[in-house]
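The structure appears right after this line, and notes come after that.
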Amino acid sequence: GNDFMVAPVTDKRGTSVRVYLPAGNWIHLWSDELYSGTEGRWIEVAAPLGEPAVFFPEGSEAADRFIENLEALQVF
């Protein structure tokens with residue numbers, strides 16, 4: 001969908017993943033780092049076991065609810 005981008009590690013020994021982010025402002029769920037640009041780009045991000053590469057667009061209401069649920073479950 002438009003609210004999340006998820007890029008799992010597919011190599012069983014992998015701890016990072018290369019991800020293509022479309023143009024716009026994207027926030028990495030686990031680090032809260034902002035990635036922005038007027039053009040899409042490839043990035044490499046950490047994705048250790050239990051923390052897959054998850055990004056959401058800045059200002060996403062769905063992401064806010066998701067983070068609230070993670071905090072309520074004490075996962076985040």
Side-chain angles (χ1 to χ4, degrees):
N2 295 330
D3 289 306
F4 296 97
M5 293 201 55
V6 179
V9 173
T10 57
D11 177 355
K12 66 181 176 182
R13 295 184 198 119
T15 59
S16 66
V17 68
R18 192 165 184 246
V19 180
Y20 180 80
L21 293 177
N25 295 327
W26 292 88
I27 300 172
H28 183 251
L29 176 67
W30 306 108
S31 70
D32 205 32
E33 186 171 348
L34 175 67
Y35 295 87
S36 62
T38 56
E39 297 180 12
R41 65 179 175 154
W42 288 95
I43 61 168
E44 180 99 11
V45 294
L49 186 62
E51 293 183 11
V54 178
F55 296 86
F56 57 89
E58 188 174 42
S60 168
E61 290 180 21
D64 290 341
R65 288 190 305 275
F66 182 66
I67 291 169
E68 287 174 9
N69 288 334
L70 289 176
E71 289 171 345
L73 294 169
Q74 297 180 344
V75 175
F76 193 68

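Counting from 1, the numbers follow the sequence of the chain as shown.
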Connected via hydrophobic side-chain network under 4.5 Å: L34 and W42: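 No, it is not one cluster - the side chains of L34 and W42 are not joined through contacts under 4.5 Å.
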Audit row: L29, I67, side-chain contact (heavy atoms from CB on, under 4.5 Å) steps and yes/no: CA-CA 8 Å; L29 176 67; I67 291 169; 3.7 Å; yes
E61, CD: over 12 other non-hydrogen atoms inside 6.0 angstrom: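 Counting neighbours around CD of E61, 12 or fewer heavy atoms of other residues, nucleotides or ligands fall under 6.0 Å, so no.
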More than 12 heavy atoms of other groups within 6.0 Å of L49 CG: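 For L49, atom CG is not crowded (no more than 12 foreign heavy atoms under 6.0 Å).
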Going by atom type alone, with no hydrogens or angles, which donor-acceptor pairs under 3.5 Å involve a side-chain atom of residues 12-21 and a protein atom two or more places apart or on another chain?
| from | atom 1 | to | atom 2 | distance (Å) |
| --- | --- | --- | --- | --- |
| S16 | OG | E44 | OE2 | 2.7 |

Note, M5 side chain near P22 side chain (heavy atom, < 4.5 Å):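 M5 reaches P22 side chain to side chain.
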W26 vs P57 side-chain heavy atoms within contact, under 4.5 Å: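 They are in contact (side-chain heavy atoms under 4.5 Å apart), so the answer is yes.
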With A62 via side chain to side chain contact (heavy atoms under 4.5 Å, CB included) - residues at least two apart: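 Per chain and number, A62 pairs via side chain to side chain contact (heavy atoms under 4.5 Å, CB included) with D3, F4, S60, R65.
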Kindly give the heavy-atom pair with the smallest separation between [X] and [Y], and that separation in Å.
| X | Y | value |
| --- | --- | --- |
| A47 | A53 | CB-N, 3.9 Å |
| I27 | E58 | CD1-CA, 4.0 Å |
| W30 | G50 | CZ2-O, 4.1 Å |

Contacts of N69 that satisfy side-chain hydrogen bond (donor to acceptor under 3.5 Å, both in side chains) - sequence neighbours left out: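 So N69 forms no side-chain hydrogen bond (donor to acceptor under 3.5 Å, both in side chains) with any residue.
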